[in-house]
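These notes are about the structure you will find just below.
Counting starts at 1 for both ligands and their atoms, following the listed order. As the structure is a prediction and not an experimental result, all values here were calculated from the model. The first residue of the sequence shown is numbered 1, and numbering continues consecutively from there.
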Amino acid sequence: MIAGPASSDLAAKIANRLRCQLVVADLRIFADGESKVRIGKTAVNCVIVQSTYPPADTHLMQAMMLTRKCADDGARDVCAVIPYLAYARQDKAFLEGESISISLVARLFEAAGIKHLITVDIHSQLVTSHFSSVSIQNISSLPILAEYARSMRLENPIAVSPDAGGAERVGEFARVLQCGFLVLKKSRNRNTGEVTVDGNFQTDIKGRDAILVDDMISTGGSIVSAAEVLQQHGASKVYAVCGHALMIGDAAKMIRAAGVRDIVATNSIPNEFAKVDLSEAIAAALKSRYSP
Ligand code: R5P
């Protein structure tokens, strides 16, 4: 197993669970920002662990370099564990003339030599359709996030998706937490990125703890708008859980200022919000691939 520079802790945890050898990629960043990776030893079957959170292009490039190195050294199988897959939100052209970036990312990975991709909370099913020769295994973090939520001692909780795209997600979360759920309607101005959540819904949430569930938090705009709407409807405490807490800029500050009590995410991105460990689920996925 090869630990990419973005995911050294997670890779170490997975390798420890699988009791496999861990090779830590050596990284050098040149003055112009270019990366150079070096790996002591590759194998016939290589597993690379590298999440592609910001700086996304740099982390993506490092993942491609590691893949190519393994392929050049004659690896028969290169599996990339990329818990957070950058560009997955650009899975279609929203405005005329836009490029479909994830399609390019998929082709680059295929050209680099990836055979199998393990990812977490993939943004949409559409993303997978852009890969042709790579098999994809998506792990849902919802069961473990919901298990974590159980320990939060929520009062009469309701799970809430900020948008219709997260309906299935929030349903799965609510099943594990054994609570009801609500799907809000969100719209985003495709030019400015500004988010609006529709406050027009009938479900009575007065006095209930609301737990917002999303695949990722980036600028925090979706969570902030949804939290405001929930509080206007009388929700008691509001929390946010997500697979990937990118937390760009002042996201955390804004979310807290909007009244959200806690933000819980997986360790796909190593930061203060990474309270739920993915290593067991990823190790299980790798085990089923290599020793079914
Ligand atoms: C959108 O479709 C996603 O599921 C997230 O809701 C979104 O990407 C979060 O972004 P932000 O935090 O910038 O609102």
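- Here His233 and Phe201 bring their ring centres to under 6.0 angstrom of each other.
- What sits closest to atom 5 (C) of ligand 1 on the protein, heavy atoms only, is Asp214 OD2, 3.4 Å.
- The cationic atom of Arg190 (NZ for Lys, CZ for Arg) lies less than 6.0 Å from the six-membered ring centre of Phe94 and within 45° of the ring axis.
- Residue Ser222 has at least one heavy-atom neighbour below 4.0 Å for each of these atoms of ligand 1: 6 (O), 9 (C), 10 (O), 11 (P), 14 (O).
- Using a 4.0 Å cut-off to heavy atoms of Arg89, the atoms of ligand 1 that qualify are 7 (C), 8 (O), 10 (O).
- The closest non-hydrogen atom to atom 10 (O) of ligand 1, taken over Arg169, Met247, Arg188, Glu194, comes from Arg188.
- Contacts of Ile223 with ligand 1, taken as heavy-atom pairs under 4.0 Å, are absent altogether.
- The ligand atoms of ligand 1 that sit less than 4.0 angstrom from a heavy atom of His123 are 1 (C), 2 (O), 3 (C), 4 (O).
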Original post:
How far apart are the C-alpha atoms of Asp26 and Lys36, what are their side-chain angles, what is the distance that settles it, and do they pass the salt bridge (charged side-chain N to carboxylate O under 4.0 Å, His left out) test?
Top reply: CA-CA 8 Å; Asp26 193 45; Lys36 183 167 206 166; over 6 Å; no

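- Taking the ring centroids of His59 and Tyr53, they lie under the 6.0 Å cut-off.
- The backbone and the side chain of Met216 each have at least one atom closer than 4.0 Å to an atom of ligand 1 (non-hydrogen atoms only).
- Remark: ligand 1 and Gly220 share an N or O pair separated by less than 3.5 Å (distance only, no angle test).
- For the side chain to side chain contact (heavy atoms under 4.5 Å, CB included) with Ile158, the qualifying choice from Leu230, Ile211, Thr203 is Thr203, the only one to do so.
- Nearest residue to atom 13 (O) of ligand 1 from Asp215, Thr219, Asp121 is Thr219 (criterion: closest heavy atom).
- Between Asp73 and Lys41 there is no salt bridge, since no side-chain N of the basic residue sits under 4.0 Å from a carboxylate O of the acidic one.
- Arg107 and Glu110 are not joined by a salt bridge, as no carboxylate oxygen comes within less than 4.0 angstrom of a charged side-chain nitrogen.
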